[in-house]
Amino acid sequence: MPKSPRCAFPWTSIWLASLAALMVQSVLSSSSSSSAYQRTATDGKRPGFMERTLVLLDVNTRSPIRVLNDNFLSLQLDPSIIKDGCSKRLVTLARGLAPAFLRFGGKRTDFLFKTFVSHVVLVLSVYWQIAVLKSMCASFDEKNHCPHTGKKLSQWFLPQLPLLESKLQLLCGFLPARSLDKLYNFADCAGLHLIFGLNALHRNPDNSWNTSSTLSLLKYSAGKKYNISWELGNEPNAYRSMVGRAVNSTQLAQDYAKLRTLLQSVRYYHRAQLYGPNVGRPRKNAILVSLTFLSFLYSYFMDGRVKKAEDFLKTRLFDTLTEQMMKLVNTHTPGKKVWLGGLGPAWTGGINNLSDTYAAGFLWVNTLGMAAVQGIDVVLRHSFFDYGYTHLVDQHFNPLPDYWFSLVFKHLVGPRVLQVRVAGLQRKPQPGRVIRDKLRIYAHCTSYSKGSITIYIINLHRSRKKIKLAGTLRNKTVHQYLLQPYGTEGLRARYVQLNGEKLVMSDNETFPELKPKTLRAGRTIAMPPTSIGFYVIKNINAYACRR
């Protein structure tokens with residue numbers, strides 16, 4: 001095999017070749033007498049405009065522009081897992097996204113006192129709730145029949161007991177030991193590293209953090225030898241509006257120092273990782289808080305006014321991670337790694353039959369690509385399971401479209417980010433954006449193969465787009481993983497097909513085969529309308545991807 005030249009990325013030659021190719025294409029188009037061309041001209045459109053769709057693409061394989069955490073795509077789990085438990089299927093689905101962090105956090109964690117309570121207390125709580133239920137029913141006869149339903153109290157109540165118990169735990173601030181055991185075992189079986197969010201609202205009269213329940217939890221976890229990292233508080237900059245109590249950056253820094261002291265006092269956790277704080281929208285208070293530690297930047301993309309699947313194709317939603325956000329991070333946390341947490345395709349719980357469909361995948365995949373290019377170290381998806389309509393797995397343990405996008409991403413995309421260069425319709429080329437921002441292109445080293453690269457492309461256009469690999473990528477065999485909606489619902493589909501095959505679990509422990517379609521060397525990549533494609537270029541021996 002001939003040796004590659006020392007400079008494996010001759011940009012000047014590529015751009016000259018690109019310009020020449022476009023000029024030749026323009027000449028051919030103007031001299032063509034095909035019926036398709038004639039129809040375009042007679043429609044009053046500029047001759048040759050519709051044919052000028054070819055995009056020339058090359059990637060700098062010499063060195064990465066970013067190196068991300070190996071757990072770049074990670075997960076967030078709401079306390080709902082306590083009541084819902086986990087099945088073998090759910091563990092399998094979580095394992096498919098490993099390695100990853102599993103952040104147990106959210107607003108509810110700031111109302112959990114993390115107190116380990118006995119079954120006796122829970123039973124007493126349940127009996128108290130029964131008394132409330134009796135008062136809600138007009139009257140019960142001596143056999144405990146409710147005249148409104150004709151059912152015995154036990155028939156009506158017992159099926160609701162698990163949910164009621166969970167609600168009582170959250171209401172009273174209880175986290176039984178068995179719930180922590182269940183959570184840790186789930187993460188451990190799935191190959192995820194648990195980050196546990198501690199309650200920062202448990203405070204003393206002087207507004208300092210009350211550590212009593214946390215110390216109890218740490219000792220219990222250490223006794224079980226649970227390998228856990230820790231976080232304190234969820235969006236402390238929003239406490240004033242949420243509970244009427246403010247925690248400023250100075251106080252929060254003292255609280256984190258106290259938590260570090262606590263961790264060092266428990267021998268098993270004296271070297272445990274401590275993350276946070278998780279701040280909300282980057283307003284003034286959030287800026288002050290983020291000065292101290294590693295920042296979770298809390299971000300959602302849409303609001304309740306968005307009603308159509310087509311809204312996910314609007315490029316304005318794709319630019320939520322704006323230059324202002326990155327300027328904020330670079331200005332106030334120089335040299336610190338930034339994580340993006342609480343990330344989902346919609347505000348709060350999302351929108352039924354919209355944020356849980358194929359359409360939302362455009363925003364999700366583009367966010368991963370944009371975050372990687374900007375150097376965001378970890379992206380935490382909210383939520384992995386059963387929280388509104390923004391989750392990856394629904395309440396019946398069925399993977400939703402965003403799960404399949406995430407699985408393919410994990411399978412193919414590594415932590416080393418590469419620079420993309422394109423030539424085509426866009427006058428001023430920018431990494432990751434071409435053709436008026438409706439064709440998004442990103443490139444990484446391939447996760448499973450040294451020396452190979454993975455390019456993923458998002459086509460928001462309503463028409464097919466052609467991409468020609470150039471430069472170091474020219475005449476290479478390509479493995480295509482093309483994702484499109486399955487069924488007749490189009491953008492609102494709740495199923496995804498990979499290269500024409502529907503993605504569905506074979507059973508509770510078996511994933512469908514992620515089988516690529518091989519494109520012959522030199523073939524132009526044709527991206528169908530509103531599709532997402534991953535393309536692996538193997539045997540390229542990319543210097544940036546040899547490690």
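Note that the structure is predicted; figures quoted are calculated from it, not measured.
Side-chain N or O atoms of Asn499 include one that pairs as donor or acceptor with a backbone N or O of Leu482 at under 3.5 Å. Remark: the backbone N or O of Asn69 is paired with a side-chain donor or acceptor of Asp377 at under 3.5 angstrom. In terms of modelled atom types and a separation under 3.5 Å, the side chain of Thr261 and the main chain of Ala257 share a donor-acceptor contact. Within the 3.5 Å criterion, the main-chain N or O of Ile453 finds a donor-acceptor partner in the side chain of Thr446. Judged purely by atom type and a 3.5 angstrom limit, Asp188 has no side-chain atom pairing as donor or acceptor with the backbone of Phe186. Checking side-chain atoms of Arg381 against main-chain N and O of Leu75 turns up no donor-acceptor pair under 3.5 Å. Lys538 contributes no side-chain N or O that, together with a main-chain N or O of Gly451, makes up a donor-acceptor pair within less than 3.5 Å. A donor-acceptor pair under 3.5 Å is absent between the side-chain atoms of Ser221 and the main chain of Leu218, judged by distance alone. Side chain of Ser383 to main chain of His391: no donor-acceptor pair is present (N/O by atom type, distance under 3.5 Å, no hydrogens or angles). Listed for the Tyr275 side chain is no donor-acceptor partner under 3.5 Å among the backbone atoms of Phe196.
For the side chain to side chain contact (heavy atoms under 4.5 Å, CB included) with Tyr448, the qualifying choice from Val413, Thr454, Val536 is Val536, the only one to do so.
With respect to Asp255 and Lys258, no salt bridge is recorded, no charged nitrogen being found less than 4.0 Å from a carboxylate O. Contact check on Glu501 versus Lys515 returns no salt bridge, with no Lys/Arg side-chain nitrogen under 4.0 Å from an Asp/Glu carboxylate oxygen.
Rounded to the nearest 0.5 angstrom, Leu259 CG and Leu274 CG are separated by 5.0 Å. For the atom pair CG (Leu194) and CG (Leu180), the distance works out to 7.5 Å, reported to the nearest 0.5 Å. Atoms CZ and CG, on Arg66 and Leu418 in that order, are 13.0 Å from each other to the nearest 0.5 Å. Expressed to the nearest 0.5 Å, how far CG of Leu198 lies from CZ of Phe104 amounts to 10.5 Å. Atom CD of Glu231 sits about 9.0 Å away from atom CH2 of Trp339, to the nearest 0.5 Å. Residue His444 holds its NE2 atom at 11.0 Å from CD1 of Ile455, rounded to the nearest 0.5 Å.
A 4.5 Å side-chain heavy-atom check between Leu262 and Thr214 finds at least one atom pair inside the cut-off. Using a 4.5 Å heavy-atom cutoff, the side chains of Tyr495 and Trp404 are not in contact. For the pair Arg89 and Asn398, the minimum side-chain heavy-atom distance is below 4.5 Å. Counting heavy atoms from C-beta on, the side chains of Ser406 and Trp364 come closer than 4.5 Å. Using a 4.5 Å heavy-atom threshold, the side chains of Lys308 and Asp311 count as touching. Counting only heavy atoms from C-beta outward, the side chains of Tyr256 and Arg260 never approach each other to under 4.5 Å. Inter-residue side-chain proximity for Met505 and Thr510 is flagged as unmet; no heavy-atom pair is nearer than 4.5 Å. Side-chain contact between Leu491 and Leu313: present, with at least one pair of heavy atoms (C-beta onward) separated by less than 4.5 Å.
Considering all non-hydrogen atoms of both residues, Thr92 and Tyr403 come closest at O-OH, 4.5 Å. Here the closest non-hydrogen pair linking Ala359 and Phe312 is O-CB, 3.4 Å. Across all non-hydrogen atoms, the minimal contact from Gln76 to Arg103 is OE1-NH1, 2.9 Å. Of all heavy-atom pairs spanning Lys225 and Tyr268, the tightest one is O-OH, 3.1 Å. Here the closest non-hydrogen pair linking Trp209 and Asn204 is O-ND2, 3.5 Å. Taking both residues in full, the closest heavy atoms of Phe101 and Ser74 are given as N-OG, 2.9 Å, listed atom of the first, atom of the second, then distance.
Heavy-atom contacts from other residues, nucleotides or ligands closer than 6.0 Å to NZ of Lys517 number 12 or fewer. The local environment of CZ in Phe511 is crowded, with over 12 non-hydrogen atoms from other residues, nucleotides or ligands closer than 6.0 Å.
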Quick one, Phe409 with Tyr456, criterion ring-ring contact (aromatic ring centres under 6.0 Å, His included). Give me CA distance, side-chain angles, the key distance, then yes/no. CA-CA 9 Å; Phe409 188 96; Tyr456 49 109; 5.5 Å; yes
Before giving the answer on side-chain contact (heavy atoms from CB on, under 4.5 Å), spell out for Phe405 and Phe362 the whole-Å C-alpha distance, their side-chain angles and the decisive distance to 0.1 Å. CA-CA 9 Å; Phe405 290 125; Phe362 296 109; over 6 Å; no
Decide side-chain contact (heavy atoms from CB on, under 4.5 Å) for Leu412 and His479; before the verdict, give the C-alpha distance in whole Å, the side-chain angles of both, and the deciding distance to 0.1 Å. CA-CA 11 Å; Leu412 301 177; His479 286 180; over 6 Å; no
I would like to know whether Val378 and Leu380 meet side-chain contact (heavy atoms from CB on, under 4.5 Å); could you show each step before the answer? CA-CA 6 Å; Val378 173; Leu380 292 156; 4.2 Å; yes
Please determine whether side-chain hydrogen bond (donor to acceptor under 3.5 Å, both in side chains) holds for the pair Tyr226 and Asp181, giving the CA-CA distance in whole Å, both sets of side-chain angles, and the decisive distance to 0.1 Å. CA-CA 9 Å; Tyr226 288 161; Asp181 295 338; 2.7 Å; yes
Stepwise, does the side-chain contact (heavy atoms from CB on, under 4.5 Å) test hold for Leu503 with Tyr486? CA-CA 9 Å; Leu503 292 176; Tyr486 179 85; over 6 Å; no
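For the residue pair Tyr442 and Asn366, a side-chain donor N or O sits within less than 3.5 Å of a side-chain acceptor on the partner.
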